[in-house]
Amino acid sequence: MWIKALLMPPISQRLLSRARVLRLRARAEHRRIARGGRHQVHYFHQVDDPYSALTAAILPDLAARYDLDLLPHIVGAPPDTAAPERARLVVYSRKDAQCLAGHCGLEFRDPGTQPSPAAVQQATGLLIAAIGQQRFVALAGPVSARLWAHPLVSSMSAAPEWGLLAPHQDAVARHLAASGALRQKLGHYLGATFYYEGEWYWGLDRLHHLEQRLQGLGAQRPGVSGVMFPPAPDLEAPAALAQPAPIDFFFSLRSPYSAIVAPRVFALAQRTGAPVRLRYVLPMVMRGLPVPREKRRYISQDAAREAFVRGIPFGRLNDPVGRPTERGLALIPLADRLGLGQRYVLSFMQGVWSEGLDAGSDRGLRAIAGRAGLPWDAAQLALQDEAWRATAEANREALFSLGLWGVPSFRVGDTAVWGQDRLWAVQATLLRQLQGA
């Protein structure tokens, strides 16, 4: 273990560095030019995924903005290993897609149920037919809109205005199998995803990364500037809120997304006066839920990309899975009692995710604790107290009661959202108080 803790920081720093990303992009562009190829973007669409429905709606705009070939593929749901809480994921995805649609100025309303298997089957056939006719970009949005507007009605085939004839079931099965295999080969597991020359971009939330890359290559059409869905800005000026609602911050010390959002949520709390309740949980893998390799790889690369956009140091990591996380969690109650909870969490996250400190060692944890102001003698006593385990389990149960399961998640007032890219929803909920809402 000590060898892993020694080698991981420099290796991860090299693999996740911005310089390496830019080198790989330059090589990919050199190969494209050498073979005389056009810009080719693969798009993987999951018919019964609401995020795919949102993404389908903007494909015509994307195609109009860039000189590229968009190669669509219809795929099934992610495997169980990539979606360990599938029932919760399905319900939350519809609610979150409705929230995201409102934020982005699009149309999607959660119908309260998934489309029927028959309707999904018909829509799948129509979209595969559209791919065969090279009309997917134009028709994916309308087909998806009809499917979600009437999810229990098997009337997708009654659409003569589209001029589509669904292929035989055998052809559909072959397409789904080939698309699923390609998605796995290229290194992903979700729908609503774009793949371009070695990198993945998920839905509307990561589309700005793809657009910026394409613009850096000069692939935009004349008059195109900016991106369609830029990252929401964080609150920069103080907002005088009277008795703001507390923010429940559900996080894991082993979650890179928790690490890169922690400074932002604490800054939001400081500027609004909202108290933050630290709701720590054990990582999924330490609760017996395996994470597939392609998911681990994508998350680390995506977190590094998101951290770069927000100017948050990240990448020289020392994975705190196991004993380092347990030791880190054991000190949170002490830090809270001393009024140093946020400082300690920031110090731990910075230490293991950007400085490569080994929290499993006394040397590493002492540096983390000392920077936050925790006395080491008190910290050593806290390490012997296992009471944090019951708190972590209670926090997990509270998270599940909200219909959530992953971290980071947030609850403020009647808003409960998952993901570091949903902090804008927390901010909007708090700021509605200024508007008297």
Side-chain angles (χ1 to χ4, degrees), residues 1-13 15-16 249-266 276-287 291 296 299-300 303-304 307 312-396 407-408 420:
M1 290 297 293
W2 68 269
I3 295 179
K4 179 180 178 182
L6 181 67
L7 296 179
M8 183 178 295
I11 292 174
S12 62
Q13 184 177 29
L15 291 177
L16 298 176
F249 176 30
F250 294 89
F251 66 96
S252 160
L253 294 179
R254 204 225 174 191
S255 160
Y257 291 130
S258 294
I260 65 174
V261 82
R264 298 174 55 212
V265 69
F266 294 156
V276 177
R277 295 193 287 229
L278 300 176
R279 308 296 296 271
Y280 52 87
V281 299
L282 276 172
M284 283 188 176
V285 71
M286 292 174 64
R287 291 186 270 125
V291 181
R296 293 196 306 271
I299 287 175
S300 62
I312 298 170
F314 180 88
R316 185 178 175 85
L317 61 91
N318 204 326
D319 187 355
V321 66
R323 185 168 181 264
T325 283
E326 293 179 336
R327 285 161 56 85
L329 291 176
L331 298 191
I332 293 181
L334 168 65
D336 255 345
R337 289 195 301 270
L338 296 176
L340 301 172
Q342 294 183 26
R343 286 180 58 182
Y344 170 71
V345 169
L346 288 178
S347 181
F348 189 97
M349 295 301 200
Q350 178 182 332
V352 301
W353 293 106
S354 69
E355 297 173 342
L357 296 182
D358 177 13
S361 70
D362 281 353
R363 180 181 179 182
L365 190 58
R366 184 170 187 170
I368 290 169
R371 179 169 53 194
L374 273 61
W376 183 239
D377 55 350
Q380 288 177 301
L381 290 175
L383 289 174
Q384 302 173 31
D385 188 348
E386 297 273 303
W388 64 267
R389 294 186 183 275
T391 303
E393 176 59 19
N395 290 337
R396 186 193 66 84
V407 292
Q420 59 89 23

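The heavy-atom pair separating N318 from A5 by the smallest distance is ND2-O, 3.0 Å. Annotation for L340 and G373: closest pair CD1-O, 3.6 Å, computed over non-hydrogen atoms. Between P375 and L338, the closest heavy-atom pair is CD-CD1, 3.9 Å. Heavy atoms only, all atoms of each residue included: A392 and L282 are closest at CB-N, 4.4 Å. Listed here is the closest heavy atom pair of L317 and W353: CB-CE3, 3.8 Å. F314 approaches A303 most closely through the heavy-atom pair CZ-CB, 3.9 Å.
Taking 4.5 Å as the limit, some side-chain heavy atom of Y344 sits within range of a side-chain heavy atom of I368. With contacts defined as side-chain heavy-atom distances shorter than 4.5 Å, the pair I332/W388 does not qualify. Contact check for L253 versus V352: no side-chain heavy atoms found under the 4.5 Å cut-off. Using a 4.5 Å heavy-atom cutoff, the side chains of P313 and Q350 are not in contact. Within the 4.5 Å cutoff, no side-chain heavy atoms of P283 are placed close to those of V321. P408 is listed as a side-chain neighbour of S255, based on a closest heavy-atom distance under 4.5 Å.
Among residue pairs with one or both ends in residues 383-395, those qualifying as salt bridge (Lys or Arg N to Asp or Glu O under 4.0 Å) are E326-R389, E386-R389, E393-R396; sequence neighbours excluded. Residue pairs satisfying the salt bridge (Lys or Arg N to Asp or Glu O under 4.0 Å) criterion with at least one member in residues 337-350, sequence neighbours excluded, are absent.
Not counting sequence neighbours, R366 has no partner by the salt bridge (Lys or Arg N to Asp or Glu O under 4.0 Å) test. With sequence neighbours left out, the ring-ring contact (aromatic ring centres under 6.0 Å, His included) criterion links F249 to F251, F266, F410. By the side chain to side chain contact (heavy atoms under 4.5 Å, CB included) test, D362 pairs with R327, W376, sequence neighbours left out. The salt bridge (Lys or Arg N to Asp or Glu O under 4.0 Å) check on R279 picks up D248, with sequence neighbours excluded.
Atoms CG and CD, on L331 and Q380 in that order, are 10.0 Å from each other to the nearest 0.5 Å. To the nearest 0.5 Å, atoms CZ (F348) and CD (E355) are separated by 12.0 Å. Note that CZ of R264 is 6.0 Å distant from CD1 of I312, once rounded to the nearest 0.5 Å. With rounding to the nearest 0.5 angstrom, the CG atom of L16 is 12.0 Å from the CZ atom of R316. Between L334 atom CG and L381 atom CG the span is 9.0 Å, to the nearest 0.5 Å.
Between the N395 side chain and the V281 main chain, no donor and acceptor come within less than 3.5 Å of each other. Side chain of S12 to main chain of P9: a donor-acceptor pair is present (N/O by atom type, distance under 3.5 Å, no hydrogens or angles).
Remark: the S347 side chain and the R371 side chain contain an N/O donor-acceptor pair separated by less than 3.5 Å.
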